[in-house]
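Before any comments, here is the structure.
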Amino acid sequence: MLSIKNLHASVEDKTILKGLDLEIKPGEVHAIMGPNGAGKSTMGYVVSGREGYEVEEGAVTLNGVDLLELEAEERARAGLFLAFQYPVEIPGVSNLEFMKAAVDAQREADGEEPVSSKDFLKLAREACKQVHLPVDFLKRGVNEGFSGGEKKRNEIMQMLLLKPKVCILDESDSGLDIDALQVVAEGVNSQRSPDRSFIVVTHYQRLLDHIKPDFVHVLSDGKIVKSGDASLAQELEDQGYAWLKEQRAVGAAQEQSA
Amino acid sequence: MTEEINQALKREYEAGFVSDIQSDTFEPGLNEDVIRRISAIKNEPEWMLEWRLQAFRIWQEMEEPEWAHVSYPKIDFQEISYYSAPKSMADKPKSLDEVDPELLATYDKLGIPLVEQQMLAGVAVDAVFDSVSVVTTFREKLAEAGVIFCPISEAVHEYPELVKKYLGTVVPQRDNYYAALNSAVFTDGSFVYIPKGTRCPMELSTYFRINEQNTGQFERTLIVADEGSHVSYLEGCTAPQRDENQLHAAVVELVALDDAEIKYSTVQNWYPGDEEGKGGIYNFVTKRGVCHTSAKISWTQVETGSAVTWKYPSCILRGDNSIGEFYSVALTRGMQQADTGTKMIHLGKNTRSTIISKGISAGHSNNSYRGLVRMGPRAEGARNFTQCDSLLIGDQCGAHTFPYVESKNASAIVEHEATTSKVSDDQMFLCQQRGLDPEKAVSMIVNGFCKEVFKELPMEFAVEAGKLLEISLEGSVG
Amino acid sequence: MSNWFGQVLDRADSVNDWLSPKRQSSLALLKERQWPTRKTEDWKYTPLHALDTFESGLPAANEAAPSEFIADLAIAGLDSIDLIFVDGVLQSAAVLDELPEGLSIYSLPDLPEGKQSDVLGDFAAIKPERHLFGLINDVLATQGLVIEVAAGATILQPIRIVSAINNSTEAHTRLQVKLGESSSLAVIEQYVGNDACFNTGVAEYDVADNAQLEHYRFALQTSAAMVVGGSHFKLGNRSRLNSTVVGFGSQLSRVDVDVHHAGEYAEAKLNAIYLLDNNELFDLHSTIEHAVPHCITEENVRGIVADKARAVFNGRIHIHRDAQKTLAELNNRNLLMSNEAEVNTKPELEIYADDVRCAHGATVAEIDKSGLYYLQSRGISRAQAQVMLSFGFINELVDQMPNQILAEWLRPQLRERFANMDVK
């Protein structure tokens, strides 16, 4: 489904991703873990097409479509969804208006008619309920004055409405208390299906207690350095990331001696 | 509390003494003959005289500007003397030993020793006394690095090509009323040239002193930083305490060629007049720099003196990626009036400017920030950030902000913010409760308010500026 | 000197009515004034040369406007007391006979003799003398309204005053509004007509102690129309003003808003929006005078400027020596949509009291990039995202309008303007 091959990317002339490889099949949940500065957020931005992130090398395809050739909105319409770590506030644009525009854009791309305002309101209300957001959040400006937890739930609400093929959740657990964490996890779990995949980017294991991953990868210095099953997450939780440094030091020493 | 603070702000003007020096001073009055005489005394080439006369004709057709938020009686330009020089300077002393000891004593008293051994290491000084440069120190040492630092009257003879090439290119003769007047009658000032790729090995500094009565001081400074060079220049000014107002109309032109950097700092402490507003200097100054590609000009000023200040050190950001900065502290008290600020003219792509202005008003003074930020149509990606803060001390003073923002480029970003505040009773109480007397408390709070600007000053000056504010706050606190 | 201005001076003497004493004194002031040039600070960015060649044309007397024309001026769903001026002439005075209790409205020419000396005393008393076109309106406005709200009266229906241009090229109307103590009122000033014309509309509002005024000024003329005028307010003790100005630019469009805090603890909330396209110009000058202690001003001005349009904003806050404990904030934000468009903004603070909290800010920028990316990442096209974001930027202030029926009426007009804008 989503295939990332040898991805090298830079921001402001600084290379962050240095040969990232990731293959995600339909229905799979992959967790990406790793220390700060490893490139976790960068991966989400590069794949979703944020301005200022330069791809130097490599390929990203979604069901065979070359994502790197597409604008950010075209990637979204192709089925890619990024739940932001820090969702931006857009005062004056209501949540409802925003999501209707997004859903209609998606439908138009799929050759469908726009959804009627009435039907959409119903859908949006349901989505709100599912993530435990009061429905009057639909009338408020996008993320405007939302707490950290509300913003994260709002992201999941958008995911419910857009029904993407691949979801990248960028530290959707950061700053959440246990209740909010469960709401986020429930939202995600409710959307798990054989034809939808998830990439869960997280620093800690606790989100993975609620969203069970099929695979866990460790991202360090711009590439995947270790992959395993769900037990790897526990291992990381116990050991921390210090061992990565040692490994890197050893690697560097070997390179030098070679 | 306010009364205490105001008491704290009263102070003696320490630089207010008069030096007993025999001077050759022109009779008051201004006409073409006066300009010819100035030019003749300086033994100037014909082109320089012509340039002055041209400026004079332009000036005669101009009108005195009235838009500033200041008021003062109309200046009678025929009552001012346009040239005054110590008699002892007539023969051009060849070394420091030949300079009138009374002159050297004057600078000593001001804390600017001109004997190189006693000087602050690393600072070269050009000392300008009324209409002439008395001495320029460390010239040989600077010459080794290829740096030219000399009185502009000398540069006209020694480096005519450089002077001709740049004089009036940044501030043209007809730029404004006082610039035109200065172009006609300027007497001395400093000339600096930093060669390509050179980092000036010392801080350069000019110290201006007005001594003679009823004379105007019209200095002209020209600094050219060639490609990739770097210079830091400091300027200080004082004048005796007199009951009459005196005019100071200077022009400073800076040229920063590609990749060059000029840092220009001023501590302005002209005589501000007495508590009733009698006497003091009218400080009407035009300062402007042009930045070529990737060049940077940074103006820092601490303005505590002068009865009336009219001054807008500006940057024309002509080259792509060039940078302009303006950091200002203006303190007015008594009957002082200041209308000061800057202009940042963004012409090139990705040009950047920062303006930080701190105005402190006390007594019956008025303190205005006036600024212009202009984004030209080709200033793609340009950015400006402006922060103007005013601090009011007492309810008889005024603090004003007049920022002009003009943008013609969609990708340029301009941000302007202004706030006003006072030294609050809470702040004072906290300081006093911790054992500080009111003087110290005000001085500390004011210094804190100005910190962002002080940190831009070269170290020697930061100390001087801090002291200057502290002196301002010395006095009888009841 | 403008051709038209010369005609004004000539013509002024022919106006003769009960307001003549006031007109004569304004005319005397006017004769001393210079016609503005680029060097006149108040008109630095707004040239008046369109008036140089403007041929004055006074309305044909008493010709009623077509009913379809008047029907088009209605605002759907709004239950308001409508007073419609077409070409400067009040169309129907019937509504004046059935006003709610506590509200009196008189047509200026028909003011009962007994009230004339009072109104004469108030006339031009709130509007600052410096406004050139205010003086011109003093001299030329023979039509207009005198509105009074009795003390303690709450008028639920807003009063909507429309000044529309149909046949003529000139209209000069005047509003004198007086709110009694503890009364409350909403007034909508609406200026209509896109053909080449010149319209001055001046309104003076005297808001007594504890009274509340909700005010709108819609300057929505575009293209060749020229509209210059002002809304001027005097606020008594603990009174409240909530004002919204909306401007589309035109050949010449200038609004002066003045608020004079004359009584303590008064509060003014001022919002203004401008949305400019093509070659349009909109110039908003606001001056807030804090003359007494403990008053509050909050002013938010936002504009979007596209194509070759030009926006001018001058926002002055003046804190007088006695106005301690003032809170005053002014914010002007602009989005510039094209490299041929232009914004000139000058927020000014003039402060003579120390125990006050004042701040102003001004920004000129392009659309927030992170917002754009966020919308795009949800599948919304760049162009649509730009429209949504710019609309949201303006809509924040539309949302704050106390009358949401007006907001509903305004939004589609704003949307239509966005739809036609050449957004990069």
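- Separating the CH2 atom in B:Trp67 from the NZ atom in C:Lys39 is a distance of 13.0 Å, to the nearest 0.5 Å.
- Although no hydrogens or angles enter the test, the distance criterion places a donor-acceptor pair under 3.5 Å between the side chain of C:Arg321 and the main chain of B:Asp395.
- No part of B:Asn384 comes within reach of chain C, as not one of its non-hydrogen atoms sits under 4.5 angstrom from that chain.
- Contacts between residues 340-357 of chain B and chain C, defined by a heavy-atom separation under 4.5 Å, are made by no residue at all.
- For the options C:Pro347, C:Ala311, C:Ala353, C:Gly361, heavy-atom pairs under 4.5 Å to chain B are most numerous at C:Pro347.
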Open item on the list: One pair to check against side-chain contact (heavy atoms from CB on, under 4.5 Å): C:Tyr352 and B:Gln396. What are the steps and the verdict?
Closed with: CA-CA 7 Å; C:Tyr352 297 93; B:Gln396 297 299 312; over 6 Å; no
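- Considering all non-hydrogen atoms of both residues, C:Asp354 and B:Gly394 come closest at CB-O, 3.2 Å.
- No more than 12 heavy atoms of other residues, nucleotides or ligands sit less than 6.0 Å from atom CD of C:Gln34.
- The OG atom of B:Ser390 sits 7.5 Å away from atom CG of C:Leu349, with the distance rounded to the nearest 0.5 Å.
- In the displayed structure, C:Arg130 atom CZ is contacted under 6.0 Å by more than 12 heavy atoms of other residues, nucleotides or ligands.
- To the nearest 0.5 angstrom, B:Lys408 atom NZ is 4.0 Å from C:Glu342 atom CD.
- Side-chain atoms of C:Asn339 and B:Glu380 include a donor-acceptor pair closer than 3.5 Å.
- The contact between B:Ala418 and chain C is made by backbone and side chain atoms together, counting heavy-atom distances below 4.5 Å.
- Within the 4.5 angstrom heavy-atom criterion, no atom of C:Glu329 approaches chain B.
- Annotation for C:Glu129: atom CD does not count as buried by contact number, only 12 or fewer foreign heavy atoms lying within 6.0 Å.
- Comparing B:Val373, B:Asn366, B:Val414, B:Thr386 by heavy-atom pairs within less than 4.5 Å of chain C, the highest count is held by B:Val414.
- Among B:Met375, B:Arg374, B:Glu417, B:His69, the residue with the largest count of heavy-atom pairs under 4.5 Å with chain C is B:His69.
- Chosen from C:Leu330, C:Val356, C:Val343, C:Leu335, the residue pairing most often with chain B at heavy-atom distances under 4.5 Å is C:Val343.
- Residue-level contacts of residues 266-274 of chain C with chain B do not occur; threshold 4.5 Å between heavy atoms.
- Chain B forms more heavy-atom pairs under 4.5 Å with one residue of C:Ala359, C:Ala341, C:Ala362 than with any other, namely C:Ala362.
- No donor-acceptor pair under 3.5 Å is formed between the side chain of C:His360 and the backbone N or O of B:Thr419.
- Evaluation of the salt bridge (Lys or Arg N to Asp or Glu O under 4.0 Å) test over residues 317-327 of chain B, restricted to residues two or more places apart or in two chains, returns B:Lys296-B:Glu325.
- In this structure, a donor-acceptor pair under 3.5 Å is present between the side chains of C:Tyr45 and B:Glu406.
- Of all residues spanning residues 282-296 of chain C, none has a heavy atom less than 4.5 Å away from chain B's heavy atoms.
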Open item on the list: For C:Asn344 and B:Val405: C-alpha separation, side-chain torsions, deciding distance, then whether side-chain contact (heavy atoms from CB on, under 4.5 Å) applies.
Closed with: CA-CA 6 Å; C:Asn344 297 297; B:Val405 175; over 6 Å; no
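- For the set B:Leu372, B:Asp389, B:Ile413, the count of heavy-atom pairs under 4.5 angstrom toward chain C peaks at B:Ile413.
- Going from atom CD1 of C:Ile351 over to atom CG of B:Asn367 covers 11.5 Å, rounded to the nearest 0.5 Å.
- From B:Arg370, atom CZ reaches atom CD of C:Glu348 across 8.0 Å, with rounding to the nearest 0.5 Å.
- Once rounded to the nearest 0.5 Å, the distance linking NZ of C:Lys346 with CZ of B:Phe402 reads 7.5 Å.
- More than 12 heavy atoms of other shown residues, nucleotides or ligands fall within 6.0 angstrom of atom CD in C:Glu264.
- Among B:Arg378, B:His416, B:Arg383, the residue with the largest count of heavy-atom pairs under 4.5 Å with chain C is B:His416.
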